[in-house]
*Asks:* 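I am attaching a structure below and will ask some questions about it afterwards.
Residues: numbered from 1 along the sequence shown. These numbers were taken from a predicted model, which means no experiment stands behind them.
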Amino acid sequence: MTPLQEKILRLKREKNAVILAHNYQVKEIQEIADYVGDSLGLSYQAKATAADVIVFCGVHFMAETAKIVNPSKKVLIPDPNAGCSLADSCDAGDLAAYLAKNPDAQGRPPYVVSYINCSAGVKALSDVICTSGNAMKIVGRVPADREILFVPDQNLGEWVQERTGRPMRLWQGNCYIHIEYTHASITRIRQEYPDAPLVAHPECSRPVRLLADEVCSTEQMVHFCRDNPAPAFIIATESGMLDRLRRELPGKTFIPAPTDHCACADCRYMKMITLEKLAQALESGGPEITLDPALQEKARAPLERMLEWSR
């Protein structure tokens with residue numbers, strides 16, 4: 001452990017803080033986090049923590065989510081500029097305008113199922129939130145007489161639609177990392193490693209998903225690779241996930257899936273969070289996530305519904 005990591009752990013104890021880190025964070029942050037996981041697991045951890053301070057090592061919408069489910073807690077994000085291309089693809093104002101102009105056949109607004117990768121403003125307009133790990137279960141709970149609008153990830157929505165058979169309107173958003181994988185680039189790596197199962201995130205496009213042996217959330221990737229007897233796997237998601245897989249399953253080999261340009265799926269937003277910024281956030285008590293109380297209350301209901309439906 002480095003001196004900076006030791007300093008962060010000391011500050012964490014002094015501040016009675018908990019460090020939550022997404023699977024896409026750099027290895028050095030994953031090593032000292034109290035919990036490393038996907039969006040669903042992080043949501044549960046944020047809601048359950050007894051710490052006074054939550055330091056969220058992830059992108060902005062994730063820290064907002066922690067604040068929404070924990071309104072009395074102080075929530076810090078080491079770099080408030082750590083955004084998300086997917087969240088940016090669905091503006092709350094654009095969603096509100098769409099809902100007003102596009103009712104269902106009964107004249108009602110569509111039932112909004114929002115992937116957690118969205119802003120607090122979009123969550124406040126939603127009926128229920130989902131993650132890649134529980135999306136099929138959540139969609140299955142929506143009343144059968146309601147038409148669903150799935151936002152903001154078109155690829156995840158398409159995958160859920162295929163798996164559940166439930167027709168949905170799909171918002172045209174995407175993750176800039178996952179759409180970089182192509183059928184051609186994945187075909188080449190499969191030819192190079194023909195015995196290695198391909199594990200892909202559902203944010204990948206359909207031509208990539210069709211080549212995969214398993215399509216699942218990042219948390220489910222850990223379980224699949226642990227339970228599968230194969231010694232090597234091709235992983236089609238952000239590079240931080242490979243760090244976690246290598247740490248937890250050291251006897252197996254994990255091969256980064258390439259794009260047409262490189263095998264370098266580093267999310268520039270996730271990688272904005274560094275050890276130095278984490279230490280500074282603990283020392284200074286900022287930057288802090290603050291939300292309008294009325295917006296926060298509206299956004300909490302669909303998140304609480306997700307947590308209830310996911311149990």
*Asks:* For a 4.5 angstrom cut-off between non-hydrogen side-chain atoms, does Trp171 reach Ser114?
*Replies:* no

*Asks:* Within a strict 4.5 Å, meaning less than it, do heavy atoms of the Phe56 and Ile273 side chains meet?
*Replies:*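 Heavy-atom side-chain distance check fails, nothing below 4.5 Å.
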
*Asks:* Looking at side-chain heavy atoms only, is the closest gap between Leu278 and Cys57 below 4.5 Å?
*Replies:* yes

*Asks:* What do you reckon, is NZ of Lys252 surrounded by more than 12 foreign heavy atoms closer than 6.0 Å?
*Replies:*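 Correct, the count exceeds 12.
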
*Asks:* Fit a plane to each ring of Phe254 and Phe233, take the angle between them on a 0 to 90° scale, and name the class: parallel (under 30°), tilted (30 to 60°) or perpendicular (over 60°).
*Replies:*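 Taking Phe233 first and then Phe254, their aromatic rings lie parallel (interplane angle under 30°).
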
*Asks:* For Ile116, run the side-chain contact (heavy atoms from CB on, under 4.5 Å) check against Asp38, Leu42, Asn134, Thr131 and tell me which one passes.
*Replies:* Thr131

*Asks:* Does any part of the side chain of Lys123, heavy atoms only, come nearer than 4.5 Å to the side chain of Cys118, both counted from C-beta?
*Replies:* yes

*Asks:* Check this for me: Glu147, atom CD, are more than 12 non-hydrogen atoms of other residues, nucleotides or ligands nearer than 6.0 Å?
*Replies:*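 More than 12 within 6.0 Å, yes.
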
*Asks:* Below 4.5 Å, heavy atoms only, C-beta onward: do Lys15 and Asp52 meet side chain to side chain?
*Replies:*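 Answer no - side chains too far apart.
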
*Asks:* Check the pair Met62, Ser39 against side-chain contact (heavy atoms from CB on, under 4.5 Å), reporting the backbone distance first and the verdict last.
*Replies:* CA-CA 7 Å; Met62 296 178 177; Ser39 295; 4.0 Å; yes

*Asks:* Kindly indicate, with the supporting measurements, whether the criterion side chain to side chain donor-acceptor pair (under 3.5 Å) is fulfilled by Gln25 and Gln30.
*Replies:* CA-CA 6 Å; Gln25 287 296 291; Gln30 292 190 31; over 6 Å; no

*Asks:* Does the side chain of Leu198 reach to within under 4.5 Å of the side chain of Tyr193, using non-hydrogen atoms?
*Replies:*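 Not in contact.
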
